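These notes are about the structure you will find just below.
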Amino acid sequence: MMMMVRLSGAFFLVAIGAVNGFPTGSSYDFGYEHNAYGAHPLTVFKSAEELEVPKLDMVQSSRACESSLYTLFTPRGGATNEAQATIVDSNGDLIWTSGWHGQQIYNLMVQEYRGEKYLTFWGGNDAVGGHGAGTIFMLDKSYNVFKEVRAAYGLDADLHDFRITEAGTALITVYEIVQHDLKEAGKNHIGPVWDCLIQEVDLETGLALFQWSALEHWRLADSYRDIGSEGEGDRAYDFFHMNSIDKDARGNYLTSSRYMHSLTYINGKTGEVIWILGGKRNMFRDLSDGAATNFAYQHDARWSSNDTITLFDNGVDDGHPNIAPTRGLKVKVNEKTMTAEVVTEYFNPHKIHGLSQGSFQTLPNGNVVLGYGNSAAFTEYASSGEVLCDTHFGPESKFGTGGVQSYRVYKYEWHGYPTTTPSTAIRRNSSRNWNFYVSWNGATEVSKWVLQGSDNITSTDEHWKELSRTKRTSFETSFGLHASYPKYLRAVAVHSEGHMLGVSTPINILSVDQLTSTESFSFTNNDISMTRIAMGMGGLLVVGILLRMGISTWNKRSPVYWQLPTKPN
Ligand SMILES: *[C@@H]1O[C@H](CO)[C@@H](O)[C@H](O)[C@H]1NC(C)=O
Ligand SMILES: *[C@@H]1O[C@H](CO)[C@@H](O)[C@H](O)[C@H]1NC(C)=O
Ligand SMILES: *[C@@H]1O[C@H](CO)[C@@H](O)[C@H](O)[C@H]1NC(C)=O
């Protein structure tokens, strides 16, 4: 079935079909994808104009996508103002967004530590040669910093990976410059090299429980990266480029090296290399004609079961943009026969070339989410490889330029209870009707919004009268202002069980009029003549009269009192 739908002035062709009983849809906003809204299209909220929120183009969608989880990503890049940690729901609607003191932000996740869920991410400087020097932040459910995690031995935490283990330790990627003989890389001197370290750190004490150095186990000659001008002065040779660490139930580590095109499986006690998959030192016989071991510049390698590994195979990088298609890869490894075999490959429907970064996540329901790193896209697949949902958070015509990018994209459950107050604004909308807008960045549990009024700003809660209530259906909720209102308005966030979660700072209606001095506020929105008179005479005087009329009208009605429960039920 095909139908035309009209959304905010533009026409989209929407195809609705049925695959496996689930309706699927696709809508490609040609203008969006070709920069009609610029290189970084934004969604602007009237109650929170300061937020930098990417407008999404949900190119393909399906009910088979996991809708109970939120999507976490970290838009940054040349077309953005500032990197943002961002959470959206399955409709693409904003849940939470925040910059981080102007720093870069990478690797936003929800992780568990001692039975509590935390938002974790890396913040710092990413301009130190393809990796980062910074700190890992753990935010609690109120978005307050619970812990700042640094690498052990006084080193900077790198941006590539931070995994909290069930034992309450953290796996951190660390880069350290060491002086090394560069003969194997083709230079006849000793020069600086970026060694890559796995550190397992006790989150309580900050002490390293384990450390593994790539340079102790790998030779420069094994790298696919030309030394070029590196290895001179302060330009260290990035020969290995570690970008993920996973620890399994056997206590061993699996790490991914971008420039070795390989995964190293490491004994968790001795640090010895158990085996290597892919690259020049590959130890596995490939049962898939090379497809199980020919990955290149890959990211995010994890065990998905005892004998199956998943990874994001970029296939290409900035210097080698056309080698192989980018894919998600699921590989089965047999450690007895030392064979490797492709289980499933996941290809992007728009053939994105992942020039850098990228992620592979297996969801609890078996679906797979790929983040395309340098290109502003994430795609959800059925386990079989079928594309279910495909979302762009920047125009496709700019993919590969890094204008808008996100190191990884993951989906998690999250419950946020911000300690801020809800944000509000009174504004006219595009059809020139006055509305009261409310939103609350990060609040996941708001079920309803209640608009309340009072003539006394210092009234206690029970003296604020309910004027209207509405279900929260998206980040910003609006109340049409049609009738007469008391002097102060505020919004109350209500939980699905009926208790109050938060209250906005009251807005004085007169101050709204002063802010928007070109347009007089009319209490009777629909009464055009009234508005005209108000606009014609222009002054506060008229508004004052209207206000008094409004208050008296409102007082004469018998208002509905809304009792605020004092405790959660
Ligand atoms: C995977 O390995 C762990 C640790 O050796 C073991 O406890 C578990 O039973 C294994 N699971 C399967 C499905 O083989
Ligand atoms: C406003 O409310 C406060 C608190 O209930 C009360 O003390 C005060 O008298 C009220 N002011 C007016 C003008 O009613
Ligand atoms: C403007 O606000 C009024 C009152 O809430 C509403 O009825 C109308 O649909 C809105 N117009 C647009 C274009 O959103």
Side-chain angles (χ1 to χ4, degrees), residues 4-12 29 37 42-49 53 55 91-94 422-439 446 448-492 500 503-513 515-516 518-532 534-535 544 546-548 550-559 561-566:
M4 291 288 274
V5 292
R6 188 155 197 260
L7 284 172
S8 55
F11 285 97
F12 299 96
D29 183 340
Y37 314 117
L42 294 174
T43 299
V44 178
F45 298 105
K46 294 192 168 67
S47 55
E49 287 169 338
V53 183
K55 186 195 274 292
N91 297 319
D93 199 38
L94 183 67
S423 304
T424 58
I426 295 178
R427 297 272 187 281
R428 281 184 191 274
N429 66 10
S430 57
S431 50
R432 303 196 48 79
N433 296 105
W434 285 99
N435 279 269
F436 179 99
Y437 296 92
V438 60
S439 62
V446 180
K448 288 187 198 72
W449 285 105
V450 176
L451 181 67
Q452 296 183 333
S454 173
D455 294 326
N456 179 351
I457 195 168
T458 57
S459 292
T460 47
D461 282 344
E462 64 273 19
H463 290 109
W464 283 84
K465 289 156 191 120
E466 174 170 336
L467 306 173
S468 179
R469 66 168 55 201
T470 184
K471 208 163 136 38
R472 181 201 180 281
T473 53
S474 58
F475 183 76
E476 184 167 69
T477 299
S478 65
F479 291 92
L481 297 180
H482 304 288
S484 19
Y485 288 92
K487 194 169 174 188
Y488 300 102
L489 294 179
R490 68 178 199 177
V492 177
M500 173 172 122
V503 185
S504 70
T505 305
I507 303 186
N508 180 336
I509 289 179
L510 270 182
S511 77
V512 170
D513 182 66
L515 283 173
T516 56
T518 54
E519 301 177 65
S520 299
F521 186 84
S522 162
F523 289 100
T524 49
N525 244 333
N526 302 327
D527 186 340
I528 293 164
S529 61
M530 201 70 132
T531 312
R532 284 220 184 104
M535 287 173 73
L546 287 172
L547 183 66
R548 276 174 48 202
I551 291 166
S552 53
T553 322
W554 179 71
N555 281 341
K556 273 182 225 138
R557 290 191 294 142
S558 55
Y561 282 76
W562 189 69
Q563 295 294 337
L564 297 168
T566 49

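Order of appearance sets the numbers: ligands from 1, and atoms from 1 within every ligand. Keep in mind that this is a model prediction, so the values were computed, not measured.
Annotation: Asn456 places an N or O atom under 3.5 Å from an N or O atom of ligand 2; distance criterion only. Some N or O of Ser431 is nearer than 3.5 Å to an N or O of ligand 3, by distance alone.
Within ligand 3, counting atoms from 1 as listed, the ones closer than 4.0 Å to a heavy atom of Gly480 are 4 (C), 5 (O). In summary, the atoms of ligand 3 found under 4.0 Å from a heavy atom of Ser430, numbered by their order in the structure, are 13 (C). Interface atoms of ligand 3 facing Asn435, defined by a heavy-atom separation under 4.0 Å, are 1 (C), 2 (O), 3 (C), 4 (C), 5 (O).
Put simply, no part of Ser478 is less than 4.0 Å from ligand 3, judged by heavy atoms.
A donor-acceptor pair shorter than 3.5 Å cannot be found between the side chains of Asn456 and Ser454. Ser47 and Ser439 form a side-chain donor-acceptor contact under 3.5 Å, judged by distance and modelled atom types alone.
Within a 4.0 Å radius of atom 9 (O) of ligand 2, the protein contributes no heavy atom.
The shortest heavy-atom contact between Arg490 and Pro506 is CB-CA, 4.1 Å.
Between Lys465 and Asp455 there is no salt bridge, since no side-chain nitrogen of the basic residue lies less than 4.0 Å from a carboxylate oxygen of the acidic one.
Of the listed residues (Thr460, Thr458, Asp455), the one carrying the non-hydrogen atom nearest atom 3 (C) of ligand 2 is Thr458.
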(Q) Is there a salt bridge (Lys or Arg N to Asp or Glu O under 4.0 Å) between Glu466 and Arg469? Walk through the geometry before answering. (A) CA-CA 8 Å; Glu466 174 170 336; Arg469 66 168 55 201; 3.0 Å; yes
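With hydrogens and angles disregarded, a donor-acceptor distance shorter than 3.5 Å links the side chain of Asp93 to the backbone of Phe475.
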